[in-house]
Amino acid sequence: YPVGENPIDVVFTPPIPGAGIFALIVSQGGEDNPKGSVALWNNNTGGIFSATSGAVLGSVEEGLNIPGRPIYDWVNGLAFWVPNTGGDDMAKVDIVIQGGSLFTTIQPQVNVRRTVGDNPTKMTYTGPNIALASLAGTGQVAVWEMTAINGDPILYNLPGVKYVFSVWDQ
């Protein structure tokens, strides 16, 4: 499947009744697309989405700046968080489903961006409301409340940090 230049990671949703499994494939970019992109893949053996099973449904570049390691948004369902390693924010990529039973389109779309600090490489959760991200550019870990889209995160110095992980990661 064509998914973009230099794919580095993939993250899956849990099985969703009637919609199957979605995957977000992150590509950091290259000569043709230096800012990178994410592609949305679906696998479904039944229901209204079965006609697109096993296919890349679409991709998005807007709002991304050398995307890093993604995480499925366990709090909001049909969404992923992608760090913009070439910037200072996280991009929330939603799975947008439009149409009805005869004609349905499914596309990824960046709907929210959350500033966390320079060069975020990975995000994870410590529970349903607390998120943290590794900031490789400053050697820090940013911590914030998931519902707080605005405001400064709390920063903890952790020199040499590359990634953060928790039980919520796949």
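Fair warning: this is a prediction, and the values are worked out from it, not measured in the lab.
Under the rule for a side chain to side chain donor-acceptor pair (under 3.5 Å), Gln107 has no partner lying at least two apart in sequence or in another chain. When the side chain to side chain contact (heavy atoms under 4.5 Å, CB included) test is applied to Lys162, no partner is found at least two apart in sequence or on another chain. For Pro83, the side chain to side chain contact (heavy atoms under 4.5 Å, CB included) test picks out Met90, Pro120, with sequence neighbours left out. Qualifying salt bridge (charged side-chain N to carboxylate O under 4.0 Å, His left out) partners for Asp9, counting only residues two or more places apart in sequence or in other chains: Arg69. Evaluation of the salt bridge (charged side-chain N to carboxylate O under 4.0 Å, His left out) rule for Asp94 yields Lys92 as partners, not counting sequence neighbours. Scanning for salt bridge (charged side-chain N to carboxylate O under 4.0 Å, His left out) contacts around Arg114 gives an empty result, with sequence neighbours left out. Applying the side chain to side chain contact (heavy atoms under 4.5 Å, CB included) criterion to Val75, with sequence neighbours excluded, gives Asp73, Tyr125.
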### Message
As a quick check of understanding, evaluate side chain to side chain contact (heavy atoms under 4.5 Å, CB included) for Met123 and Phe80, giving each step before the final call.
### Response
CA-CA 10 Å; Met123 175 187 154; Phe80 304 90; over 6 Å; no

### Message
Quick one, Leu155 with Leu135, criterion side chain to side chain contact (heavy atoms under 4.5 Å, CB included). Give me CA distance, side-chain angles, the key distance, then yes/no.
### Response
CA-CA 9 Å; Leu155 300 175; Leu135 307 176; 3.7 Å; yes

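No option in Val116, Asn65, Ile66 other than Asn65 meets the side-chain contact (heavy atoms from CB on, under 4.5 Å) test with Asn84.
Considering CD1 of Ile25 and CZ of Phe12, their distance stands at 7.5 Å, rounded to 0.5 Å. Separation of atoms CE (Met146) and CH2 (Trp81) is listed at 5.0 Å; rounding is to 0.5 Å. Summarising the geometry, atom CD1 belonging to Ile97 is positioned 5.0 Å from atom CD1 belonging to Ile106; distances are rounded to the nearest 0.5 Å. Note that CD1 of Ile16 is 5.5 Å distant from CZ of Phe22, once rounded to the nearest 0.5 Å.
Residue pairs meeting the side chain to side chain donor-acceptor pair (under 3.5 Å) criterion with at least one partner in residues 128-145, sequence neighbours excluded, are Thr121-Ser134, Thr138-Gln140, Gln140-Asn157, Glu145-Thr147. Residue pairs that meet the salt bridge (Lys or Arg N to Asp or Glu O under 4.0 Å) test with at least one member in residues 116-141, sequence neighbours left out, are Lys122-Asp169. Residue pairs meeting the salt bridge (Lys or Arg N to Asp or Glu O under 4.0 Å) criterion with at least one member in residues 148-161, sequence neighbours excluded, do not occur. Residue pairs meeting the side chain to side chain donor-acceptor pair (under 3.5 Å) criterion with at least one partner in residues 20-36, sequence neighbours excluded, are Asn33-Glu61.
You'll find the side chain of Asn44 stays beyond 4.5 Å of the side chain of Ile21, heavy atoms only. At least one side-chain heavy atom of Val26 sits less than 4.5 Å from a side-chain heavy atom of Ile8.
Using cut-offs of 30° and 60° on the angle between ring planes, the pair Tyr163 and Phe165 is tilted.
If you chain together ILVMFWY residues whose side-chain heavy atoms come under 4.5 Å of each other, Tyr156 ends up grouped with Ile130, Leu132, Val141, Val143, Ile154, Leu158, Val161, Val164.
Ile71 and Val110 fall within the same hydrophobic cluster, where Ile, Leu, Val, Met, Phe, Trp and Tyr residues are linked whenever their side-chain heavy atoms come under 4.5 Å apart, directly or through other members.
Under a 3.5 Å cut-off, the side chain of Tyr72 and the backbone N or O of Leu24 do not form any donor-acceptor pair. Side-chain N or O atoms of Asn42 include none that pairs as donor or acceptor with a backbone N or O of Ala23 at under 3.5 Å.
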